[in-house]
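Below: one structure, written as structure tokens.
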Amino acid sequence: MPDSARTGLRSTSAWSRWFGPVTKFAHEGASAMHGQLTPDVPLGPFEGTAITVWSGQGKQAKLHAKPSCSYLRSAHGVERTVHLDAVVVGRMCPQCGTYGSWARPGTGLAVFLDTVTGLGLLYELDSFRAPDEDTFSDEEVRHAAAVLYTPVADGPAVPAEQDDAEDDEDGTWEERQEAQRVRESVLRQWGGALASMHRTHRKLALFPWLRAWAGEALEAKAGYLRVLQEQARLLVVERALLAAAAAAAMTEPDVPADEPAFAPLGGPGEARRLLLKLWRRWRGAVEDSWDDPQQQTYVVHHLTDTMGSRRKGRKQILDRARAVVAGWEADVRTAAGGRHGERVVVARFPDDAAERGSGRSLVDRLGEWELGVLASYTAGTVWEPQSVLTLRVPEPVAVRLLTYPHTLSYSEPETAEAGQPAAPSPAEPRPGTGSGLGPGVFDDAPVHSRRPVTSEHLRALRTAMRDAEQLYVVFSVDGGLEVVALSVLEERCSSGWQGCIVAGASDLPDALFAPRQPSSGQEEPVWPARIHDPHHEAFGSHLSSAEGERVLVRLREGRRDTDHALRSLALARGLADLRRLEAVGYDDRDFPRRPFVSAVWHGLLAMEQLDLEPFEHDTGTGWRQGSGLPLGVLAKVQVYTSDAEGRYQGRAHSPDCKHRRPERGVTGDDDLVSIAELLDNKGFDPCSKCGGYAVRRLSQDQVAYYRAAHRLHSLTDQVRSAAVGSAGSAELAAQLTEFAELDRRTADAWFPLRKEARQWRRTVAALMGELSGSA
């Protein structure tokens with residue numbers, strides 16, 4: 001057989017990796033339509049909850065969770081409020097009963113329905129309970145095991161050409177392919193059944209009233225799981241697993257780089273590099289495989305990838321490389337041979353959030369070797385309160401499990417009885433404790449009836465809602481009312497924090513938010529032209545909170561989440577420090593989590609700088625002079641920057657600067673100072689592109705004073721101008737009189753300190769004196 005065909009033989013392993021998941025999905029596909037909620041499913045504390053449904057005109061018409069359901073054939077669906085019970089569930093249309101949302105997202109009932117229906121608990125209970133048309137019989141499995149391992153009994157690797165010839169003569173090449181497919185399918189099916197059992201118990205832990213009802217299905221799943229494990233054990237032999245463990249522990253060998261056979265590869269240095277690369281490739285293939293190391297000899301062909309098939313010396317390279325690989329195989333067999341002691345290791349499953357965040361299922365993340373170890377050595381399972389497997393493994397396998405990271409978490413048992421899995425530590429959440437997830441955890445009960453939220457509840461919320469990350473108002477006895485992101489709340493709960501959720505951003509009353517009018521045909525720009533004339537009535541409005549809200553709406557124009565973004569803005573405005581809005585961790589696409597869309601930051605911050613010239617003092621340099629006005633209500637305006645005091649290398653940047661990071665917004669690494677502190681800071685070194693900082697958007701009184709200070713500063717320049725005539729003097733005097741006669745409310749709003757109000761009046765009086773003197 002030619003070398004290319006030999007390489008093709010080894011590619012069957014990659015093909016079978018695809019085939020295995022396909023078989024699993026075909027097995028589960030038969031249950032895909034069984035996720036519909038049926039009247040026999042106990043509703044527990046959610047029974048009697050008022051829900052809104054739509055139906056046709058008839059009294060016995062099917063009920064629908066939304067008016068847009070394609071099964072609602074009536075053009076005039078009737079909206080009704082009913083109380084959830086078995087009768088209502090029986091009348092729900094099949095589509096809404098499987099995938100419909102009967103409650104507002106984020107409520108306890110919505111989490112219950114999303115967890116049970118669709119591809120949730122009901123689907124899991126109906127999956128992997130009995131053999132189907134894709135399941136192999138015990139006879140087929142035993143035959144596949146004989147084909148895989150009988151021809152490759154203990155013995156040295158034979159030359160590739162001789163081995164290929166024997167395969168061709170005996171016709172075992174296709175038979176071996178089929179045997180590999182059987183092994184891949186059975187092992188993946190067993191892994192899928194194991195993961196399904198784990199997910200089932202995690203969902204039942206949230207709703208303990210379903211355990212008794214699901215007992216029969218759980219027994220069927222457990223029985224079929226045992227059947228699959230017995231088949232999987234026949235297809236994985238211990239010597240291959242031990243050899244893989246020995247290969248993983250190998251250190252870099254000495255390679256014969258200076259031999260004449262490897263001269264066509266280049267000098268000794270280049271030959272050594274290529275041979276070590278070959279060794280790493282061979283070790284990687286052996287350590288994550290359930291095949292005998294002899295079957296990985298095909299990797300030698302990678303050594304001559306850049307050579308033509310007729311290149312002189314190519315055959316000598318391959319022959320000598322096979323001999324080198326055979327030496328590595330012998331070392332592995334020696335390390336794996338002999339008698340090994342037995343050790344007990346416990347394996348814990350990752351939580352559902354970790355499984356979902358990976359973007360792949362648990363079975364897909366299990367490598368061949370780890371899956372083979374679990375199938376071969378699992379001696380017991382405990383599903384409550386935590387999914388734990390007890391493994392009795394040989395010493396080399398135990399060392400590898402405990403030393404290197406794997407998909408599951410492995411440790412030695414913490415109890416005196418080695419055969420029993422260890423109980424979770426006190427710091428870990430216990431999914432089985434408490435009364436599960438019912439009404440009152442989120443916002444579907446009066447505030448005085450709210451129950452403390454736990455890590456278990458938040459994991460269920462994140463699993464049920466793809467975009468669960470948002471801002472929440474929470475209350476605790478120690479901290480009072482706070483606004484935090486969901487990921488921050490998860491961290492607190494895992495650390496023992498005790499409190500309740502008052503409301504999420506999506507729960508704020510609709511009556512507080514005026515309905516948005518549809519945009520006109522002539523759209524206004526997101527960033528309007530800047531007004532520089534301080535006497536214009538709109539001067540400074542680009543810094544206002546109202547302008548921030550308008551910018552947010554324009555940036556999210558035409559998107560469904562605009563209302564939610566406005567609610568997030570309303571919650572975030574109440575925080576004294578915007579750095580506390582930072583979320584923790586990464587989402588299922590490996591992006592940093594965010595409590596809201598990035599456009600909300602433009603509603604919170606004006607990504608520009610204040611013109612502080614009116615508040616600066618005379619520098620005596622001959623350039624345009626400041627008026628020395630008091631900062632007043634602007635003194636405590638918040639400034640967010642990457643470096644307020646020039647402590648780090650490089651210049652300071654605003655949260656929106658492209659020089660700093662790709663994502664927008666404030667993080668815990670930013671500095672927070674006030675305008676008064678920044679004005680007196682001589683070490684501040686701003687970026688020339690962004691100005692170095694962004695300011696928190698100004699209130700109505702702050703914008704009014706900002707405009708008044710710039711008007712007075714402009715009047716100061718006009719008073720001191722020699723070109724002022726009698727008519728101009730009269731107009732200036734009228735404007736100065738307006739500033740001198742501030743009413744009590746305006747003075748209190750502009751100047752928190754009385755001395756600032758006196759300073760303002762003295763400045764105005766001095767200008768009026770200069771104006772009258774010049775006149």
Side-chain angles (χ1 to χ4, degrees), residues 25 28-127 199-200 203-204 206-207 209-210 213-214 217 352 356 436-439 441-445 460-468 504 506-507 510 560-561 563-564:
F25 293 142
E28 297 180 353
S31 305
M33 297 304 296
H34 296 286
Q36 179 182 352
L37 189 65
T38 54
D40 65 299
V41 178
L43 300 175
F46 294 107
E47 186 166 4
T49 303
I51 62 173
T52 301
V53 296
W54 285 262
S55 67
Q57 300 295 332
K59 292 184 178 181
Q60 299 301 321
K62 287 290 186 180
L63 303 179
H64 304 268
K66 53 186 179 181
S68 59
C69 177
S70 59
Y71 281 63
L72 182 57
R73 304 185 182 280
S74 175
H76 304 284
V78 179
E79 180 179 350
R80 303 170 55 188
T81 299
V82 298
H83 294 279
L84 185 62
D85 56 17
V87 176
V88 172
V89 172
R91 291 185 57 190
M92 191 67 66
C93 86
Q95 179 169 289
C96 294
T98 306
Y99 300 107
S101 178
W102 306 4
R104 188 165 49 82
T107 61
L109 178 58
V111 174
F112 171 75
L113 294 173
D114 289 340
T115 305
V116 172
T117 62
L119 298 179
L121 177 62
L122 298 177
Y123 173 81
E124 297 290 357
L125 288 173
D126 200 56
S127 301
R199 292 191 297 266
T200 301
K203 296 177 189 302
L204 285 174
L206 296 173
F207 314 108
W209 63 86
L210 295 174
W213 168 81
D352 295 340
R356 179 182 179 183
L437 177 58
V441 174
F442 301 114
D443 66 325
D444 45 2
L461 178 65
R462 190 176 290 284
T463 303
M465 296 178 61
R466 178 173 177 83
D467 298 319
S506 58
D507 306 325
D510 295 335
R560 293 182 298 176
D561 61 352
D563 290 334
H564 187 269

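- Side-chain contact check for Val116 versus Leu122: some heavy-atom pair is nearer than 4.5 Å.
- The minimum heavy-atom distance between Ala110 and Pro105, with the atom names listed, is CB-CA, 4.1 Å.
- Here Leu72 contributes atom CG and Gln95 contributes atom CD; the two are 11.0 Å apart, rounded to the nearest 0.5 Å.
- Side-chain contact check for Cys93 versus Cys69: some heavy-atom pair is nearer than 4.5 Å.
- Between Thr107 and Phe46, the closest side-chain pair of non-hydrogen atoms is not below 4.5 Å.
- Here the closest non-hydrogen pair linking Met92 and Gly97 is CG-N, 3.7 Å.
- Listed here is the closest heavy atom pair of Gly56 and Val78: O-CG2, 4.2 Å.
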- Message: Checking Leu437 against Phe442 for the side-chain contact (heavy atoms from CB on, under 4.5 Å) test, could you report, in this order, the C-alpha distance in whole Å, the side-chain angles of both residues, the deciding distance, and whether it holds?
- Response: CA-CA 10 Å; Leu437 177 58; Phe442 301 114; 3.8 Å; yes

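- With values rounded to the nearest 0.5 angstrom, Tyr99 atom OH is found 10.5 Å from Gln36 atom CD.
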- Message: As a quick check of understanding, evaluate side-chain contact (heavy atoms from CB on, under 4.5 Å) for Leu84 and Leu43, giving each step before the final call.
- Response: CA-CA 8 Å; Leu84 185 62; Leu43 300 175; 3.8 Å; yes

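- Taken to the nearest 0.5 Å, the CG atom of Leu210 stands 12.0 Å off from the NZ atom of Lys203.
- Atoms NZ and SG, from Lys62 and Cys96 in turn, are 11.0 Å apart once rounded to the nearest 0.5 Å.
- Between Thr52 and Glu79, the closest side-chain pair of non-hydrogen atoms falls below 4.5 Å.
- Using the six-membered ring where Trp is involved, Phe112 and Trp209 have ring planes that are tilted, between 30° and 60° apart.
- Closest non-hydrogen pair, Gly118 versus Tyr123, comes out as O-CB, 3.4 Å.
- Judged by distance alone, with hydrogens and angles left aside, the side-chain atoms of Trp54 form no donor-acceptor pair with the main-chain N or O of Ser68 at under 3.5 Å.
- When side chains are defined from C-beta on, Thr200 counts as touching Leu121, because their heavy atoms get closer than 4.5 Å.
- Between Arg80 and Leu63 there is a side-chain heavy-atom pair separated by less than 4.5 Å.
- Put simply, CG on Asp114 and CG on Leu119 are 11.0 Å apart, with the number rounded to the nearest 0.5 Å.
- Side-chain contact between Pro39 and Val87: absent, with no pair of heavy atoms (C-beta onward) separated by less than 4.5 Å.
- If you take CZ on Arg91 and CD on Gln60, they are separated by 5.5 Å, rounding to the nearest 0.5 Å.
- Residues Trp213 and Leu125 form a side-chain contact, since some pair of their non-hydrogen atoms from C-beta on lies under 4.5 Å apart.
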